[in-house]
Amino acid sequence: MYTLKRDDLLGLEGFAGKKADNLLASIQQSKQQPLARLLTALGIRGVGEVMAGDLTRYYSDLDQLSRATSDDLQLIEGVGPNTAQAIVDWFSRPANRKILDKLRSAGVWPIVSQETTSDTSKGNLAGMTFVVTGTMADFTRQGVKEYIESRGGKVIDSVSKNTSYLVLGENPGSKAEKARSLGIPILSEGALRQLAGE
DNA sequence: TCGCCTCGAGTTCA
DNA sequence: CTCGAGGCGA
């Protein structure tokens with residue numbers, strides 16, 4: 001694999017020393033993403049953001065995961081025969097093994113990340129589950145999620161009777177209706193902050 | 001068999 | 001962002 005050199009950049013217009021250094025540093029930085037993030041990007045059927053996070057709690061790098069059998073995987077909460085098989089199949093494909101080789105030789109080989117063990121025992125929202133619908137004024141969706149999770153709450157994306165609160169924004173979808181019919185308490189953005197103790 | 005939850009793809013809007 | 005499909009656990 002060809003590795004971009006600092007001198008390559010210096011030949012380009014507009015790339016004086018500092019800018020070149022910044023770019024190279026930025027590229028290096030991009031290789032330091034959490035394992036769960038890379039796992040999601042592999043495109044294994046049934047493995048999205050949440051599943052990937054769960055998997056990294058049991059397997060701390062791709063080598064370990066690639067050696068897992070279907071039975072091993074099914075011991076994990078939320079992983080059944082179907083998903084387990086999809087994972088085993090993915091790692092058995094020669095084309096995918098090549099991808100892994102390339103990642104490894106490019107230095108993209110994350111091990112388990114710092115995050116995710118967000119202990120749910122702390123924070124004002126501990127033990128509560130939230131569903132967010134509509135658009136928030138002061139938050140991006142990711143932002144609301146982080147806000148809630150950092151205070152011990154959990155964010156899921158469909159309303160059920162287990163949902164503690166529905167956080168309602170502008171232009172809500174069908175979730176608002178469902179929450180109402182289930183008698184789920186509805187929170188405005190401000191009410192959420194209040195509940196969180198702001 | 002059913003309800004809950006995640007995934008994944010389609011839509012809409014700035 | 002929404003919403004339907006389908007996997008998983010009970």
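Each chain gets a letter, A, B and so on, in the order its sequence line appears, and its residues count up from 1. A quick note: this is a predicted structure, and the numbers were derived from the prediction, not measured.
- Evaluation of the salt bridge (charged side-chain N to carboxylate O under 4.0 Å, His left out) test over residues 152-163 of chain A, restricted to residues two or more places apart or in two chains, returns none.
- Contact annotation: A/Lys154 side-chain N/O to B/dC4 OP1/OP2 distance is not under 4.0 Å.
- For A/Tyr147, the ring pair (Phe, Tyr, Trp, His ring centres under 6.0 Å) partners at least two apart in sequence or on another chain are A/Phe139.
- Residue pairs meeting the ring-ring contact (aromatic ring centres under 6.0 Å, His included) criterion with at least one partner in residues 161-198 of chain A, sequence neighbours excluded, are A/Phe130-A/Tyr165.
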Counting primed atoms, P, OP1 and OP2 as sugar-phosphate and everything else as base, the B/S/- map of nucleotides 9-14 of chain B against protein heavy atoms under 4.0 Å is ------
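- Distance, A/Leu42 CG to B/dC7 C1': 16 Å, rounded to whole Å.
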Whether each nucleotide of nucleotides 2-10 of chain C has a protein heavy atom under 4.0 Å at its base (B), only at its sugar-phosphate (S) or at neither (-) is summarised, 5' to 3', as SS---SSS-
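- Computed from coordinates, the A/Phe130 CZ to B/dC5 P distance equals 14 Å when rounded to whole Å.
- Applying the salt bridge (charged side-chain N to carboxylate O under 4.0 Å, His left out) definition to pairs two or more places apart or across chains, those involving residues 162-180 of chain A are A/Glu177-A/Arg180.
- With respect to A/Arg104 and A/Asp63, a salt bridge is recorded, a charged nitrogen being found less than 4.0 Å from a carboxylate O.
- Backbone-only engagement by A/Ser160 is indicated by non-hydrogen atom pairs under 4.0 Å involving sugar-phosphate atoms exclusively.
- Taking atom CE of residue A/Met51 and atom C1' of nucleotide B/dG8, one finds them 15 Å apart after rounding to whole Å.
- For residues 66-75 of chain A, no residue pair satisfies the salt bridge (charged side-chain N to carboxylate O under 4.0 Å, His left out) rule, not counting sequence neighbours.
- Residues meeting the side-chain contact (heavy atoms from CB on, under 4.5 Å) test with A/Ser160, sequence neighbours left out: A/Asn162, A/Thr163.
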Report, one line per pair, each donor and acceptor closer than 3.5 Å where one atom sits in a side chain of residues 185-196 of chain A; sequence neighbours left out.
unit_1   : atom_1 : unit_2   : atom_2 : d
A/Ser188 : OG     : A/Gly190 : N      : 3.4
A/Ser188 : OG     : A/Ala191 : N      : 3.1
A/Glu189 : OE1    : A/Ala137 : N      : 2.9
A/Glu189 : OE2    : A/Asp138 : N      : 3.1
A/Arg193 : NH1    : A/Glu198 : OE1    : 3.4

